[in-house]
*Asks:* 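One structure is given below, represented as structure tokens, and several questions about it will come after.
The shown structure was predicted, so the numbers you read here are calculated from the model rather than taken from an experiment.
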Amino acid sequence: MLPSVIFEDNHLLVLNKPAGWLVQADRTGDVTLTDWGKDYLKEKYNKPGAVFLHPVHRIDRPVSGAVIFARTDKALGRLTTLFREKKVQKFYFALTIKAPNPQEGKLKHFLLKDEARNVVQAYPKPYRDAKESITHYETMGKQEAGYLLKITPLTGRPHQIRVQLSAIGCPILGDLKYGAPKALPDASIGLHCFQMELMHPVRQEPLVVEAPLPDGEWWRP
């Protein structure tokens with residue numbers, strides 16, 4: 001499955017990332033979402049030379065959904081500030097194996113990442129250099145594959161949603177790293193960034209971008 005464009009202007013490019021794509025390069029050398037975006041702009045606008053395109057946040061490789069890129073230095077600087085000041089609101093859908101109890105609530109943990117293993121541990125209380133992580137969840141209903149939750153992360157820690165849901169006994173569908181019993185056929189997990197709300201960094205107008213759900217049958221009601 002290829003990425004798709006969900007918003008574009010002179011300053012921004014927002015792509016719907018399929019699960020399995022990297023946002024930026026790593027040691028695998030695989031083609032990235034950034035590469036795809038640059039090729040898209042180069043071909044569409046017949047641009048000579050290098051294309052400026054920089055992601056201002058990332059989502060994990062097995063996760064799908066909206067990713068925002070800056071097309072100019074001005075947009076990059078302002079978007080970086082918006083993210084740092086927590087003025088960009090992200091909304092996710094998660095499919096979990098078990099239903100959370102209560103059906104709606106706020107999760108608070110302290111997360112510590114093991115960089116060597118690329119795994120995050122959640123602690124209920126402050127611990128060493130662990131960073132506070134807060135996530136709001138709301139159960140939307142039962143689907144054939146699992147329980148559909150609307151997730152609003154209030155902090156932006158690595159693997160935040162995945163490890164916090166696992167910590168309350170509700171691992172995400174297909175997420176072997178955090179407690180799911182089996183993988184999904186395409187190696188994705190049931191987590192999708194479906195909406196982002198922010199102030200446009202140049203036009204100073206409210207901007208809402210939405211990423212359609214993937215085609216995987218587990219997302220069907």
*Asks:* Do other residues, nucleotides or ligands put more than 12 heavy atoms under 6.0 Å from Arg61 CZ?
*Replies:* yes
*Asks:* Could you see if Phe91 belongs to whatever hydrophobic cluster contains Val209? Use Ile, Leu, Val, Met, Phe, Trp, Tyr and a side-chain cutoff under 4.5 Å.
*Replies:* no
*Asks:* Going from CD1 on Ile134 to CZ on Arg157, what distance comes out if it is rounded to the nearest 0.5 angstrom?
*Replies:* 9.0 Å
*Asks:* His109 versus Val163: any side-chain heavy-atom pair under 4.5 Å?
*Replies:* no
*Asks:* Using the side chain to side chain contact (heavy atoms under 4.5 Å, CB included) rule, take His192 and Val63 through it: C-alpha gap first, then chi angles, then the decisive distance, then the call.
*Replies:* CA-CA 6 Å; His192 177 78; Val63 179; 5.9 Å; no
*Asks:* Before you tell me yes or no, could you show the steps for Lys177 and Arg162 under side chain to side chain contact (heavy atoms under 4.5 Å, CB included), namely the whole-Å CA-CA distance, both residues' side-chain angles and the distance that decides it to 0.1 Å?
*Replies:* CA-CA 9 Å; Lys177 182 172 285 189; Arg162 300 166 63 183; 4.0 Å; yes
*Asks:* Say you draw a straight line from CD of Gln89 to CE of Met196; how long is it, rounded to the nearest 0.5 Å?
*Replies:* 9.0 Å
*Asks:* Could you point out which residue of Ile6, Val5, Leu53 forms a side-chain contact (heavy atoms from CB on, under 4.5 Å) with Leu15?
*Replies:* Val5
*Asks:* Distance-only, no hydrogens or angles: does the His200 side chain make a donor-acceptor pair with backbone N or O of Val202 under 3.5 Å?
*Replies:* yes
*Asks:* With sequence neighbours left out, write down each residue that passes salt bridge (charged side-chain N to carboxylate O under 4.0 Å, His left out) with Arg117, or none if nothing qualifies.
*Replies:* Asp114
*Asks:* Say whether Tyr178 and His159, considering side chains only, have a donor N or O and an acceptor N or O under 3.5 Å apart.
*Replies:* yes
*Asks:* Does Glu197 use its side chain to pair, donor to acceptor, with the backbone of Lys90 at less than 3.5 Å?
*Replies:* no
*Asks:* Might you point out which heavy atoms bring Pro185 and Trp218 nearest each other, and give the distance in Å?
*Replies:* CD-CZ3, 3.6 Å
*Asks:* Could I get the full list of salt bridge (charged side-chain N to carboxylate O under 4.0 Å, His left out) partners for Lys150, not counting sequence neighbours?
*Replies:* none
*Asks:* Above 12 or not: heavy atoms from other molecules or residues under 6.0 Å from NZ of Lys113?
*Replies:* yes
*Asks:* If the test is side-chain contact (heavy atoms from CB on, under 4.5 Å), which one of Leu207, Ile68, Asn16 qualifies with Phe7?
*Replies:* Leu207
*Asks:* Any sub-3.5 Å donor-acceptor pair from Gln164's side-chain atoms to Ser133's backbone N or O?
*Replies:* yes
*Asks:* Is the number of heavy atoms from other residues, nucleotides or ligands under 6.0 Å of Gln103 CD greater than 12?
*Replies:* no
*Asks:* Can you check whether His11's main-chain N or O pairs, donor with acceptor, with Arg71's side chain at less than 3.5 Å?
*Replies:* no
*Asks:* Just by distance, do the side chain of Thr81 and the backbone of Gly77 share a donor-acceptor pair under 3.5 Å?
*Replies:* yes
*Asks:* Distance from Leu213 atom CG to Leu95 atom CG, nearest 0.5 Å?
*Replies:* 8.5 Å
*Asks:* Just how far is it from atom CG of Leu149 to atom SG of Cys170, taken to the nearest 0.5 Å?
*Replies:* 7.5 Å
*Asks:* Does the Lys17 side chain pair with the main chain of Trp21, one donor and one acceptor, at a distance under 3.5 Å?
*Replies:* yes
*Asks:* Within the structure provided, determine whether Asp129 and Leu112 are in side-chain contact (heavy-atom separation under 4.5 Å).
*Replies:* yes
*Asks:* How far does CD1 of Ile172 sit from OG of Ser188, to the nearest 0.5 angstrom?
*Replies:* 11.0 Å
*Asks:* Using a 6.0 Å cut-off, check whether atom CD of Glu43 has over 12 heavy atoms from anything other than its own residue.
*Replies:* no
*Asks:* Quick one: does any side-chain atom of Thr80 pair with a main-chain N or O of Leu76 as donor and acceptor, under 3.5 Å?
*Replies:* yes
*Asks:* Would you say Val120 and Leu176 are hydrophobically clustered, going by side-chain heavy atoms of ILVMFWY under 4.5 Å?
*Replies:* no
*Asks:* Looking only at heavy atoms, which two atoms of Thr32 and Ala25 are closest? And how far apart?
*Replies:* CG2-N, 3.4 Å
*Asks:* Please tell me whether Tyr137 and Met140 are part of a single hydrophobic cluster in this structure, the criterion being side-chain heavy atoms less than 4.5 Å apart.
*Replies:* no
*Asks:* For the CD atom on Gln204, are there more than 12 heavy atoms of other groups (residues, nucleotides or ligands in this structure) within a distance under 6.0 Å?
*Replies:* yes
*Asks:* Judged by atom type as modelled, is there a donor-acceptor pair below 3.5 Å linking the side chain of His136 to the main-chain atoms of Leu107?
*Replies:* no
*Asks:* Can you list the steps and then say if Phe93 with Phe194 is a ring-ring contact (aromatic ring centres under 6.0 Å, His included)?
*Replies:* CA-CA 7 Å; Phe93 282 134; Phe194 75 92; 3.9 Å; yes
*Asks:* Please find the pair of heavy atoms, one from Ile59 and one from Tyr92, that lie closest to each other, and give the distance.
*Replies:* CG2-OH, 3.5 Å
*Asks:* Taking atom CH2 of Trp36 and atom CG of Leu22, what is their separation to the nearest 0.5 Å?
*Replies:* 16.0 Å
*Asks:* Between Glu104 and Thr139, does any side-chain donor sit less than 3.5 Å from a side-chain acceptor?
*Replies:* no
*Asks:* Around atom NZ of Lys42, are there more than 12 heavy atoms from other residues, nucleotides or ligands closer than 6.0 Å?
*Replies:* yes
*Asks:* Who pairs with Asp35 by salt bridge (charged side-chain N to carboxylate O under 4.0 Å, His left out), at least two apart in sequence or on another chain?
*Replies:* none
*Asks:* Same hydrophobic cluster for Val31 and Leu33, using side-chain heavy-atom links shorter than 4.5 Å among ILVMFWY?
*Replies:* yes
*Asks:* Give me the atom names and distance for the closest heavy-atom approach of Pro62 to Ala187.
*Replies:* CB-O, 3.9 Å
*Asks:* Please indicate whether Lys142 has more than 12 foreign heavy atoms, meaning atoms of other residues, nucleotides or ligands, lying under 6.0 Å from its NZ.
*Replies:* yes
*Asks:* Side chain to side chain contact (heavy atoms under 4.5 Å, CB included) for Tyr40 and Leu13? Distances and angles first, verdict last.
*Replies:* CA-CA 10 Å; Tyr40 163 79; Leu13 180 68; 4.1 Å; yes
*Asks:* With a cut-off of 6.0 Å (strictly less than), are more than 12 heavy atoms of other residues, nucleotides or ligands near CG of Asp26?
*Replies:* yes
*Asks:* Under a 3.5 Å cutoff, is there a donor and acceptor pairing between the side chains of Thr155 and Glu132?
*Replies:* no
*Asks:* Can we say Lys44 and Glu8 salt-bridge, meaning some charged N sits less than 4.0 Å from an Asp/Glu carboxylate O?
*Replies:* yes
*Asks:* Quick check: do Met199 and Pro206 have side-chain heavy atoms less than 4.5 Å from each other?
*Replies:* yes
*Asks:* Over all heavy atoms of both residues, which pair between Ile97 and Pro181 is shortest? Give the atoms and the distance, please.
*Replies:* CD1-CD, 3.1 Å
*Asks:* Report yes or no: do Val23 and Leu12 belong to one cluster of Ile/Leu/Val/Met/Phe/Trp/Tyr joined by side chain heavy-atom distances under 4.5 Å?
*Replies:* no
*Asks:* Restricting to non-hydrogen atoms, name the atom on Trp219 and the atom on Leu191 that form the minimum distance, rounded to 0.1 Å.
*Replies:* CZ2-N, 3.6 Å
*Asks:* Checking His54 side chain against Thr34 main chain: does a donor-acceptor pair fall under 3.5 Å?
*Replies:* no
*Asks:* In sequence, state the C-alpha distance, the side-chain angles, and the governing distance for Lys87 and Leu198, and then conclude on side chain to side chain contact (heavy atoms under 4.5 Å, CB included).
*Replies:* CA-CA 6 Å; Lys87 293 181 179 178; Leu198 65 154; over 6 Å; no
